[in-house]
Amino acid sequence: MGTRLEKLREFLKESPQDPFLHYAIASELLKEEDVAGALAGFEGLVRDFPDYVGTYYHLGKLYEQSGQMEEAASTYRKGMLVAQRAGDRNALNELNAAWMLIAGEDDDS
């Protein structure tokens, strides 16, 4: 049968331009604690499918976890613009909240 990750990779071979499959693979890698693989996957999504709103929050969180706060803040800001263009108010609010937490930390220093 294969693992979920193997199945997703097989689907990706058939539909390489499907951003959801790229997202699902990166998410699965994150579940398996392959942080480097997940990071590469989310960064690839932002590069290759910049309008895929769901990527920005998860990529920003990965940057935060690795202490890359400037990259995280930049990712959240870019994501807010994409969410605004897409009319995705939920994603916009989620990204804004994440960005505000980082901005608040920067103000304390």
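The residues of the chain are indexed from 1 along the displayed sequence.
The CD atom of E70 lies 10.5 Å from the CD1 atom of I102; values are rounded to the nearest 0.5 Å. Note that OH of Y76 and CG of L101 are 8.5 Å apart. Values are rounded to the nearest 0.5 Å. For the atom pair NZ (K13) and CG (L21), the distance works out to 13.0 Å, reported to the nearest 0.5 Å. With rounding to the nearest 0.5 Å, the separation of CG in L8 from OH in Y23 is 12.5 Å. Summarising the geometry, atom CG belonging to L95 is positioned 11.5 Å from atom CD belonging to Q84; distances are rounded to the nearest 0.5 Å. We find the CD-OG1 distance between E43 and T75 to be 8.0 Å, quoted to the nearest 0.5 Å.
Pairs engaging residues 16-34 under the salt bridge (charged side-chain N to carboxylate O under 4.0 Å, His left out) rule: R4-E28, E28-K31 [sequence neighbours left out].
No donor-acceptor pair under 3.5 Å is formed between the side chain of S15 and the backbone N or O of L12.
Annotation: F11, atom CZ; neighbour count of heavy atoms from other residues, nucleotides and ligands within 6.0 Å does not exceed 12.
Salt-bridge formation is not detected for the pair E10/K7: no Lys NZ or Arg NE/NH1/NH2 atom is positioned less than 4.0 Å from an Asp or Glu carboxylate oxygen.
Both L45 and V82 sit in one connected hydrophobic cluster of ILVMFWY residues. Membership requires side-chain heavy atoms under 4.5 Å apart, directly or through other members. L5 and L62 are not part of a single hydrophobic cluster, where members link through side-chain heavy atoms under 4.5 Å apart. Residues L81 and Y63 do not share a hydrophobic cluster, clusters being chains of Ile/Leu/Val/Met/Phe/Trp/Tyr side chains in contact below 4.5 Å.
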Residues L59, L39; criterion side chain to side chain contact (heavy atoms under 4.5 Å, CB included); working and verdict:
CA-CA 7 Å; L59 179 57; L39 184 61; 3.5 Å; yes
For salt bridge (charged side-chain N to carboxylate O under 4.0 Å, His left out), just list the numbers for E6 and R9, CA-CA rounded to whole Å, side-chain angles, deciding distance to a tenth of an Å, and then say yes or no.
CA-CA 5 Å; E6 289 168 345; R9 286 182 169 146; over 6 Å; no
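Below 30°, between 30° and 60°, or above 60°: for F49 and H22 the angle between ring planes is between 30° and 60°, a tilted geometry.
For the side chain to side chain contact (heavy atoms under 4.5 Å, CB included) test, residues two or more places apart in sequence or in another chain that qualify with R77 are A73, S74, M80, W99. Take E71 and apply the salt bridge (Lys or Arg N to Asp or Glu O under 4.0 Å) test, not counting sequence neighbours, and it matches no residue.
Side-chain N/O atoms of E94 and Y56 include no donor and acceptor closer than 3.5 Å.
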